[in-house]
Amino acid sequence: MDCSATRIPYSKTGYFSNLVKDYLEDHPSLREFYAYRPDVEGLRQSIADRAKRPVNRKALTDALRAQYAGVRQTTATEKNIEALASPQTYTITTAHQPNLFTGPLYFLYKILHVIRLADSCKTLFPDHDFVPVYYMGSEDADLDELGYFVVKGTRHSWHTKQTGAVGRMKVDDELLRLIDELRGEISVLPYGEEVLTLLQAAYTKGTSIQDATFQLVNALFGIYGLVVLIPDNPLLKKEGIPIFRRELEQQTAVQLVEKTAQAIEKAGYKVQAHAREINLFYLEEQSRQRIEYAEGVYGVHGTDRRFSKEEIEKELEQHPERFSPNVILRGVFQETILPNIAFVGGGGELAYWLQLRAVFEDHQAHYPILVLRNSFLIIDQAWQEKAAQLGIDDAATLFAPEEQLLNSLVRDNSTNALHLGAEREALNRLYDEMEAKAVATDATLKGHVEALRTRALYRVDELEKKMLRAEKRKFVDHRRQLHALKAALFPGGNLQERVENFSSFYALYGKEFLQELHKESPALDQEFVIVKV
């Protein structure tokens, strides 16, 4: 698999929010909302502060050993799990829900990023060890978001009557049917059967989605020493009891988050998340419902479950696994069970993490470095050739809107003069002369001449646009080819990584697909990577 990579600033893509761009550029308006910059000095400070907030490493390693029992694990992963027992070992973490068959490509990109960043940290700080961790958000109950994948523009959806946390749902015949659907699309490709074998080994009937995802991710990334952590575990949830108790009794998060949200909005940014009065769910086998509090009684929304203050305290002590943090408290719980120094997330994740610093301080939890996850655009040989035929040699140009690209293409290829720049300059000179004569007669006529100039130039601009539109009608084939190119690389107007699943790429290139992405993944360099295959 021969490939080359170029990088461009995220700000040049047009796909990232002002908040993300300003965070990357260290804009002063955001500095109060985070603790460290995503650079070497920030890592150094985070390590020093993290050392002051120890975690229960025995609980963590015991939970991981139990999770990996009976699972084929690589020497690198086994070594990393054992290393977590040492106070000199820290984690680099990314988190994501168990999307079906890993969902969109960026699922993999996040994991590759923590792997590269952990390796980089080991080079920078050789006295410490760093373990890449994928924290699975398996308690998420949004099946509409997690229960599908897209291959070559075709959406494959899992239709099941199961409810509750998606991670606890079981692989059924309907899900296995999706593997057969996928077989029809990729089995003829060089490594298609290899992909199908990976999926069949992970998604066996009766296996939970969280275990299937664990198996698949371990098979793909175990060679790099990745540790997968499923936090839906009584031993780990026990470590979260102080967090859950504080939320149930004092309900401080809602005030802290909303106060920060107001400050973020005042700074000119969009707020990503809003807190509830109680940011916990009650988790049962087929249900995940929010906990509510009214008139001295705790209730589980949509059920007849009710607890007094004494009863819910007893429930928390005896069954901490039944309490599930929402997005507001998930990060605090994550940082309570992991010796983490850096969190790798997408633009939306960074946006809501920037709202949470006060919540971390309230719980005396370590607030990690926030690192924007890596992004890739993969362009295969066929689409490179089509781009070249259209005169698009710089791949970065492809991020421009389709109509803008077509306008440039028409101007570059038309035999007619479509730009009235010389005429515009001549018109300006004419009005300069008229203005001089008019002002010499009466100074108050200057404004009238300027108004005439503005109207005349507007008419020239309109004529130029009409000439371009007329010429574009002659470029029907070019428009069609450009539309096909944009649709393939930016499906539905979105980034490729937010739509397409990994399976078709793996089916084409095999393990080298991941190996090349690993090689091209930046660690702390926050840039968008374009990969030509």
Side-chain angles (χ1 to χ4, degrees), residues 6-22 24-25 27 29 268-270 377 379 383-384 386-490 492-495 527-528 530:
T6 56
R7 301 181 185 182
I8 62 173
Y10 283 101
S11 59
K12 299 295 184 182
T13 67
Y15 282 92
F16 293 84
S17 68
N18 289 333
L19 183 145
V20 169
K21 290 184 288 187
D22 286 352
L24 295 179
E25 294 170 8
H27 197 283
S29 61
Y269 304 105
K270 182 181 177 181
L377 171 63
I379 310 176
W383 290 113
Q384 290 174 49
K386 292 182 185 300
Q389 290 169 6
L390 291 169
I392 302 174
D393 298 318
D394 181 5
T397 305
L398 289 167
F399 287 88
E402 185 174 325
E403 203 64 22
Q404 181 180 325
L405 284 172
L406 181 61
N407 289 344
S408 297
L409 188 153
V410 170
R411 289 191 182 99
D412 292 342
N413 292 276
S414 175
T415 57
N416 297 316
L418 301 174
H419 186 55
L420 299 177
E423 290 77 6
R424 194 178 284 104
E425 290 179 8
L427 191 60
N428 267 314
R429 287 194 299 271
L430 175 61
Y431 273 94
D432 285 342
E433 294 172 4
M434 287 193 294
E435 182 179 297
K437 292 179 180 180
V439 170
T441 304
D442 184 346
T444 63
L445 293 175
K446 179 179 175 63
H448 179 64
V449 176
E450 284 300 321
L452 292 173
R453 183 203 302 264
T454 299
R455 284 199 294 270
L457 290 174
Y458 172 78
R459 297 300 182 190
V460 171
D461 289 341
E462 288 297 299
L463 176 60
E464 191 175 73
K465 291 176 183 177
K466 288 181 178 180
M467 291 167 61
L468 179 61
R469 284 197 293 270
E471 189 70 8
K472 282 161 64 175
R473 287 193 285 271
K474 303 175 185 177
F475 284 74
V476 176
D477 287 342
H478 292 77
R479 180 187 286 275
R480 177 180 51 77
Q481 294 167 17
L482 179 60
H483 181 74
L485 176 66
K486 288 285 287 186
L489 301 182
F490 300 88
N494 294 305
L495 289 175
E527 294 178 301
F528 197 106
I530 301 170

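- Looking only at side-chain heavy atoms (C-beta outward), Leu495 and Phe528 come within less than 4.5 Å of each other.
- For the pair Arg459 and Glu462, the salt-bridge criterion is not met [side-chain N within less than 4.0 Å of a carboxylate O].
- Panel note: side chain Thr13, backbone Pro9; no donor-acceptor pair is recorded below 3.5 Å.
- When only modelled atom types and interatomic distance are considered, Ser17 and Tyr269 share no side-chain donor-acceptor pair under 3.5 Å.
- Without hydrogens or angle criteria, Arg453 side chain to Asn428 main chain gives a donor-acceptor distance under 3.5 Å.
- The shortest heavy-atom contact between Leu427 and Ala456 is CD2-CB, 3.8 Å.
- Distance CG/Leu406 to CZ/Arg479: 5.0 Å, rounded to 0.5 Å.
- When side chains are defined from C-beta on, Lys270 does not count as touching Leu19, because their heavy atoms never get closer than 4.5 Å.
- To the nearest 0.5 Å, the span separating CE on Met434 from CZ on Arg429 amounts to 13.0 Å.
- The nearest pair of heavy atoms linking Ile530 to Ala395 is CG2-CB, 3.8 Å.
- Looking at heavy atoms from C-beta onward, Val20 lies out of side-chain contact with Tyr15 at the 4.5 angstrom threshold.
- A distance of 9.5 Å separates OG1 of Thr454 from OH of Tyr431, quoted to the nearest 0.5 Å.
- Rounding to the nearest 0.5 angstrom, the gap separating the CD atom in Glu425 from the CG atom in Asp432 is 11.5 Å.
- To the nearest 0.5 Å, the span separating CG on Leu452 from CG on Leu430 amounts to 10.5 Å.
- Atom CD of Glu435 is separated from atom CD of Glu450 by 4.5 Å, given to the nearest 0.5 angstrom.
- Counting non-hydrogen atoms of neighbouring residues, nucleotides and ligands closer than 6.0 angstrom, the NZ atom of Lys386 reaches no more than 12 such neighbours.
- The nearest pair of heavy atoms linking Trp383 to Ala484 is CH2-O, 3.6 Å.
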Give the C-alpha distance, both sets of side-chain angles, the deciding distance and a yes or no for side chain to side chain contact (heavy atoms under 4.5 Å, CB included) between Phe399 and Ile8.
CA-CA 11 Å; Phe399 287 88; Ile8 62 173; 3.7 Å; yes
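- In this structure, the side chain of Glu402 does not engage the main chain of Leu482 through any donor-acceptor pair within 3.5 Å.
- Put simply, the side chain of Val449 does not reach to within 4.5 Å of the side chain of Val439, judged on heavy atoms.
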Audit row: Glu527, Lys12, salt bridge (charged side-chain N to carboxylate O under 4.0 Å, His left out) steps and yes/no
CA-CA 10 Å; Glu527 294 178 301; Lys12 299 295 184 182; over 6 Å; no
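- With hydrogens and angles disregarded, a donor-acceptor distance shorter than 3.5 Å links the side chain of Lys486 to the backbone of Leu398.
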